[in-house]
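Before any comments, here is the structure.
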Amino acid sequence: MFPFNQIEKNGKIIREFKKNVSSSELVWHRDRFDRKIKILEGRGWQLQMDGSLPEMLQKSKSYYIPANTYHRVIKGNTDLVLEIKENPEMKITRRQLRKIIREA
């Protein structure tokens with residue numbers, strides 16, 4: 001279903017994208033939590049945030065992705081392995097908060 005494999009280890013997510021993944025599977029998306037990602041392996045992969053040009057991902061470097069921000073990865077030359085730390089606080093939009101208040 002997803003274009004990656006992942007495991008959870010010591011409160012972190014280790015995610016792997018294979019080099020032969022179809023580019024059409026690497027879609028724009030947003031996450032419900034703030035994320036800090038660290039590149040463990042991979043060459044030629046890029047991260048593109050909404051409204052920005054793609055940025056080349058560098059091994060051992062960390063990147064911050066705010067909750068509810070559209071982003072995508074762009075396929076590189078080798079397998080890509082990431083370490084993901086999520087902020088445990090769930091982020092919600094104003095619209096979602098208003099709905100919760102109305103229901104209460």
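Annotation: the span from Arg72 atom CZ to Leu26 atom CG amounts to 9.0 Å, rounded to 0.5 Å. With rounding to the nearest 0.5 angstrom, the CD atom of Glu25 is 10.5 Å from the CZ atom of Phe4. We find the CG-CD distance between Asn10 and Glu83 to be 9.5 Å, quoted to the nearest 0.5 Å. Distance OG1/Thr78 to CZ/Arg43: 5.0 Å, rounded to 0.5 Å. Taken to the nearest 0.5 Å, the OH atom of Tyr63 stands 10.0 Å off from the CG atom of Leu82. Leu57 contributes atom CG, which lies 7.5 Å from atom CD of Gln46 (distance to the nearest 0.5 angstrom).
When all heavy atoms of Asp79 and Lys19 are compared, the closest pair comes out as OD1-N, 2.7 Å. Of all the heavy atoms in Phe17 and Trp45, the pair that sits closest is CB-CH2, 3.7 Å. When all heavy atoms of Tyr64 and Pro66 are compared, the pair lying nearest together is CE2-CG, 3.5 Å. The nearest pair of heavy atoms linking Lys59 to Leu40 is CE-O, 3.1 Å.
Atom NZ of Lys61 is surrounded by more than 12 heavy atoms from other residues, nucleotides or ligands within 6.0 Å. In this structure, Arg15 places its CZ atom where more than 12 heavy-atom neighbours from other residues, nucleotides or ligands lie under 6.0 Å away. Environment of CG in Leu53: sparse, with no more than 12 heavy atoms of neighbouring residues, nucleotides or ligands closer than 6.0 Å.
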Requested in this report: Quick one: do Glu8 and Ile13 satisfy side chain to side chain contact (heavy atoms under 4.5 Å, CB included)? Show the steps, please.
Outcome: CA-CA 5 Å; Glu8 288 193 41; Ile13 299 168; 4.2 Å; yes
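Residues Ile37 and Ile14 are members of separate hydrophobic clusters, defined by side-chain heavy-atom contacts under 4.5 angstrom among Ile, Leu, Val, Met, Phe, Trp and Tyr. When hydrophobic clusters are built by joining Ile, Leu, Val, Met, Phe, Trp and Tyr residues whose side-chain heavy atoms come closer than 4.5 Å, directly or via intermediates, Val73 is not grouped with Val81.
Considering only heavy atoms from C-beta on, His71 comes within 4.5 Å of His29 through its side chain.
The backbone N or O of Ala67 sits less than 3.5 Å from a side-chain atom of Asp34, completing a donor-acceptor pair. In this structure, the side chain of Lys75 engages the main chain of Val21 through a donor-acceptor pair within 3.5 Å.
Checked options Ile65, Ile74, Ile39; the residue passing with Leu47 is Ile65 (criterion: side-chain contact (heavy atoms from CB on, under 4.5 Å)).
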